[in-house]
K.L.:
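Below you'll find the structure I mean.
In the text below, chain A, chain B and the rest are named by the order of the sequence lines, each starting its count at 1.
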Amino acid sequence: VLRDNRKTTSLEAGNFKTAVDTAPDSVEVARLALARLKPADREILVLKEFQGFSYREIAEILSCTIPAVRSRLYEARQRIRGIYKKLIETRCGL
Amino acid sequence: MTCDDYRKLISAYRDDELTTSEHTRLTEHLKSCAECRDYADEMGVIGDALRHVPSAVCPPHVETAILTKIREVASSDVKRGRFWEGHYRIPRGLVWVAAAAFIALLVEVTVHPFQNRSDDRSPSIPSESTPYVQKIVFSEYDVVYSTSVTKTHNNN
């Protein structure tokens, strides 16, 4: 399901960043998923994805360590991935 | 390392926060793990979609209502507060320090001048055996004192 939203995908190891379909639907799903996150997860994702702060800067902003930022971002991404997939499945009637 | 460990690295890779050795390890793992490659692709899709989410724009009427409420709360706070808690926001500790300094200054002004006069400027009463020397008068206090000494001296 997720792959349907992509324009191009590189499966080559070490070069897996994808150019995605930025159709309103996938962006809307991402927006809904972000809104359903816990505030702490949303906070750190916004600092990284929207504001573009580095780990060091986020650590200063949130008064935590850089490894904590890395861990929290991973966990937040795990959770938003789960919500995103559920929303996509719901929209596709799966 | 497990696939979960590599997925943490994938998250950091997306943020360009991997060390060289971590990058090498992840690249090697992805060559042999299709699941982690799929995971990386999924995270790429979600991350790019997130970046295209428009920033929230506040409707004008909501913005006006919020600003009005903020002004109301701010003005009511100023009215309720004491005079030093208005717009200037003087720290309360500083007020107490200033009050203590003022009291100390008041005590210094009211008490210390008399101590100086009694210590430094009060002349000893001349005895009959010592020759009396007319004191040069500089102040009203000294005038009164010198006069009384003169009278006492004359009476004797």
K.L.:
State, to 0.1 Å, how close Glu49(A) and Gly47(B) come at their nearest heavy-atom pair, and which atoms those are.
P.N.:
OE1-O, 4.0 Å

K.L.:
Indicate yes or no: at least one non-hydrogen side-chain atom of Ser54(A) is less than 4.5 angstrom from one of Asp16(B).
P.N.:
no

K.L.:
Non-hydrogen atoms of chain A under 4.5 Å away: do they reach the side chain of Leu18(B), the backbone, both or neither?
P.N.:
both

K.L.:
For the atom pair CZ (Arg14(B)) and CG (Leu73(A)), what is the distance rounded to the nearest 0.5 Å?
P.N.:
11.0 Å

K.L.:
Given side chains that start at C-beta, do those of Met43(B) and Tyr74(A) come closer than 4.5 Å, heavy atoms only?
P.N.:
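No. Closest side-chain heavy atoms not under 4.5 Å.
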
K.L.:
Mind listing the closest non-hydrogen atom pair of Ala49(B) and Ser26(A) along with its distance?
P.N.:
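Answer, listing the atom of Ala49(B) first, then Ser26(A): CB-O, 3.9 Å.
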
K.L.:
Could you give the distance from NZ (Lys8(B)) to CD (Glu75(A)), rounded to the nearest 0.5 Å?
P.N.:
7.0 Å

K.L.:
Using the rule given for salt bridge (Lys or Arg N to Asp or Glu O under 4.0 Å), can you reason through Glu42(B) versus Arg81(A), listing the C-alpha separation, both sets of side-chain angles and the distance that settles it, and then say yes or no?
P.N.:
CA-CA 8 Å; Glu42(B) 285 179 11; Arg81(A) 174 175 171 254; 2.5 Å; yes

K.L.:
Measuring heavy-atom distances to chain B, does Tyr55(A) have an atom under 4.5 Å in its side chain, in its backbone, in both, or in neither?
P.N.:
both

K.L.:
Would Val107(B) end up clustered with Phe102(B) when hydrophobic side chains under 4.5 Å apart are linked, directly or stepwise?
P.N.:
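No, because Val107(B) and Phe102(B) fall into different hydrophobic clusters, even though each may have its own neighbours under 4.5 Å.
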
K.L.:
Would you kindly confirm whether Leu47(A) and Phe50(A) end up in one hydrophobic cluster when ILVMFWY residues are joined by side chain heavy atoms under 4.5 Å apart?
P.N.:
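Yes: a chain of side-chain contacts under 4.5 Å links Leu47(A) to Phe50(A).
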
K.L.:
Do Tyr39(B) and Met1(B) sit in the same hydrophobic cluster, where Ile, Leu, Val, Met, Phe, Trp and Tyr count as joined when their side-chain heavy atoms come under 4.5 Å apart?
P.N.:
yes

K.L.:
Which one, Arg31(A), Gln78(A), Arg70(A), leads in non-hydrogen pairs under 4.5 Å with chain B?
P.N.:
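Sorted descending by pairs with chain B, the first entry is Arg70(A).
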
K.L.:
Quick check: are there more than 12 heavy atoms from other residues, nucleotides or ligands sitting under 6.0 Å from CZ of Arg56(A)?
P.N.:
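Atom CZ in Arg56(A) is not crowded, with 12 or fewer foreign heavy atoms closer than 6.0 Å.
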
K.L.:
Considering all heavy atoms of both residues, which atom of Tyr84(A) and which atom of Ile46(B) are nearest to each other, and what is their separation?
P.N.:
CD2-CG1, 3.7 Å

